[in-house]
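Index from 1, following the sequence.
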Amino acid sequence: MDKKAYYHLPGLFEFYELYKVFLPLYRDHREWFYEWCEIGSVYGSPADCLWGGGRVGFGDDDSQKVLRLMDEYGISPRLTFSNSLIREEHLSDYKCNYLCRLFEQSKVKSGVIIYSDLLLDYIKEHYPGLYFVSSTTKVLTDFDEFLAEVKREDFKYVVPDFRLNKTFDKLISLSKSEKDKVEFLCNECCSFYCRDRRACYENVSRKNLGENVNDHICKMDSSAEGYRFSKAMLNPGFIGIKDIVEKYLPMGFSNFKIEGRGLGSAMVLEFLLYYMVKPEYQINVREEIYLDAMLDIF
């Protein structure tokens, strides 16, 4: 197959130890992996990151070490700075500015997943070497609003709400350059009918700003189970490997985001196995990773 799917993977900081073991396998045993897929980027943010959003970051790995790993394997790192409540006084945050300065030096151009236009303008001015991804936390469920976002020159990629994943009658009408910018969120477990996603993301933004707020309580009946990949696969917006190969790639789409920053490394490994590894070699990858005594997979 000539067309490639580029995966944007979760846990740049959160799952450093997993990627430190997984990426050598991806490089040295390429025959274990689907030939039609590549790693487009790895995204995330460290703990206590003021500009962070989407999920409350728990990654605390040394940022220089993280960047060296991405440089070694030629992968674009992305900083998840999708806080929706950024104000002027937050722009001077030392830690976030340091990360921008550092990642602007990456061998493969670094990106920033972003919500706030205020923050977008600030980073554009001070760190022009970074590219931008419009965050799915904007909850773009209206196709016309999504298309307007795609047409903005500020963004290299735009991640629509997962409920637009199967609107093929409208997606087919996009130009090639517009299709190249669309990055579909594949494995969302949130209810397709949830109307509280903006409130949920805003709650995370407030926590990252250090506000003392209660957890957002999801009103959907299935939320108490937590994330289950088996449940995500039943979601009407789910994009599986068959969908990618038989529908999205032939239509001209090539970018796919895997969520999972707030989950454990064992669950993220299952995502990597499902989306990237041929079934007959999944046991090989599991064995290599499980037998690495330095990796706490559970």
Between Phe132 and Leu91, is there a shared hydrophobic cluster once you connect ILVMFWY residues whose side-chain heavy atoms come closer than 4.5 Å?
yes
Enter the distance from Ile86:CD1 to Cys96:SG here, rounded to the nearest 0.5 Å.
7.5 Å
At what distance, to the nearest 0.5 angstrom, does NZ of Lys107 lie from CD of Gln105?
12.5 Å
Taking side-chain hydrogen bond (donor to acceptor under 3.5 Å, both in side chains) as the definition, give me every residue that meets it alongside Tyr7, ordered by chain and number, with sequence neighbours left out.
none
Does a side-chain heavy-atom distance below 4.5 Å link Leu263 with Phe271?
yes
What residues, two or more places apart in sequence or in another chain, satisfy salt bridge (charged side-chain N to carboxylate O under 4.0 Å, His left out) together with Lys156?
none
Between atom CD1 of Ile241 and atom NZ of Lys278, what is the distance when rounded to the nearest 0.5 Å?
12.0 Å
Is there a side-chain contact between Leu99 and Cys49, using heavy atoms and a 4.5 Å cut-off?
yes
Note, Ser116 side chain near Phe81 side chain (heavy atom, < 4.5 Å):
no
Side chains of Leu272 and Phe15: does their closest heavy-atom pair fall under 4.5 Å?
no
Check whether Tyr248 forms a cation-pi arrangement with Lys3 (NZ or CZ under 6.0 Å from the six-membered ring centre, at most 45° off the ring normal).
no
How many angstroms lie between NE2 in His8 and CG in Leu185, if you round to the nearest 0.5 Å?
11.5 Å
What's the shortest heavy-atom distance between Pro10 and Ile258, and which atoms?
CD-O, 3.2 Å
With sequence neighbours excluded, residues passing side chain to side chain contact (heavy atoms under 4.5 Å, CB included) with Arg68
Gln64, Lys65
Value for OG (Ser45) from CD1 (Ile113), rounded to nearest 0.5 Å, stands at 9.0 Å
Before giving the answer on side chain to side chain contact (heavy atoms under 4.5 Å, CB included), spell out for Tyr275 and Cys37 the whole-Å C-alpha distance, their side-chain angles and the decisive distance to 0.1 Å.
CA-CA 9 Å; Tyr275 281 105; Cys37 75; over 6 Å; no
Yes or no on side chain to side chain contact (heavy atoms under 4.5 Å, CB included) for Val285 and Tyr26, after CA distance, side-chain angles and deciding distance?
CA-CA 9 Å; Val285 176; Tyr26 175 73; over 6 Å; no
So, using side chain to side chain contact (heavy atoms under 4.5 Å, CB included) as the criterion, who are the partners of Glu178 when residues are at least two apart?
Leu147, Val150, Lys151, Leu174, Ser175
Parallel, tilted or perpendicular, as decided by the 30° and 60° cut-offs, for the rings of Tyr34 and Trp36:
parallel
Taking Lys95 first and then Asp48, would you say they form a salt bridge - that is, a charged N and a carboxylate O separated by under 4.0 Å?
no
Arg286: which residues meet the salt bridge (charged side-chain N to carboxylate O under 4.0 Å, His left out) condition with it, sequence neighbours left out?
Glu270
Is Val277 linked to Tyr290 within one hydrophobic cluster, defined over Ile, Leu, Val, Met, Phe, Trp and Tyr using a side-chain heavy-atom separation of less than 4.5 Å?
yes
Residue list, side-chain hydrogen bond (donor to acceptor under 3.5 Å, both in side chains) with Asp180, at least two apart or on another chain
Lys176
Could you check Trp32 against Glu288 for side chain to side chain contact (heavy atoms under 4.5 Å, CB included), going step by step and ending with a plain yes or no?
CA-CA 12 Å; Trp32 293 357; Glu288 292 288 341; 4.3 Å; yes
Salt bridge (charged side-chain N to carboxylate O under 4.0 Å, His left out) against Lys166, all qualifying residues, sequence neighbours excluded:
none
Any idea how Tyr98 and Tyr94 line up, ring-wise: parallel (<30°), tilted (30 to 60°), or perpendicular (>60°)?
parallel
Just to verify, what does Ser106 make a side-chain hydrogen bond (donor to acceptor under 3.5 Å, both in side chains) with, not counting sequence neighbours?
Ser110
Answer yes when Glu188 and Lys257 have at least one side-chain N-carboxylate O distance shorter than 4.0 Å, and no when they do not.
no
Mind checking whether Val133 and Val112 have side chains closer than 4.5 Å, heavy atoms only?
no
Step by step, would you call Ile39 with Tyr19 a side chain to side chain contact (heavy atoms under 4.5 Å, CB included)?
CA-CA 12 Å; Ile39 299 175; Tyr19 287 119; over 6 Å; no
Taking only residues two or more places apart in sequence, or in another chain, which ones meet Met233 in a side chain to side chain contact (heavy atoms under 4.5 Å, CB included)?
Phe229, Phe238, Tyr274
Would you mind reporting whether Arg78 and Tyr131 have side-chain heavy atoms less than 4.5 Å apart?
yes
Pi-cation contact, Tyr157 with Lys181 (under 6.0 Å, within 45°):
no
Can you get from Ile283 to Leu273 by hopping between Ile, Leu, Val, Met, Phe, Trp and Tyr side chains that sit under 4.5 Å apart?
no
Can you check whether Arg261 reaches Thr80 side chain to side chain, under 4.5 Å on heavy atoms?
yes
Can you name the closest pair of heavy atoms from Gly260 and Tyr43 and give their distance?
N-OH, 4.1 Å
Between Gly237 and Asn165, which heavy-atom pair has the shortest distance, and what is it?
O-ND2, 2.8 Å
Quick check: closest heavy atoms across Tyr115 and Asn83, and the distance to 0.1 Å?
CB-O, 4.0 Å
Return the minimal non-hydrogen interatomic distance between Ile289 and Phe22, and the atom names on each side.
CD1-CD1, 4.2 Å
Side chain to side chain contact (heavy atoms under 4.5 Å, CB included) filter on Glu149, not counting sequence neighbours, yields Ser134, Lys138, Leu140, Arg152, Phe155, Val158
So do Ser82 and Ile114 actually touch side chain to side chain, heavy atoms under 4.5 Å?
no
If hydrophobic clusters are built from ILVMFWY residues whose side chains come within less than 4.5 Å, do Tyr6 and Leu9 share one?
no
Set of salt bridge (charged side-chain N to carboxylate O under 4.0 Å, His left out) partners for Glu246, sequence neighbours left out:
none
Quick one: list whatever passes side-chain hydrogen bond (donor to acceptor under 3.5 Å, both in side chains) with Glu88, sequence neighbours left out.
none
Glu104 and Lys124 ion-paired at < 4.0 Å:
no
Report the distance from atom CE of Met276 to atom OH of Tyr281, rounding to the nearest 0.5 Å.
15.5 Å
Going only through I, L, V, M, F, W and Y residues with side-chain contacts under 4.5 Å, is there a path from Phe168 to Ile239?
yes
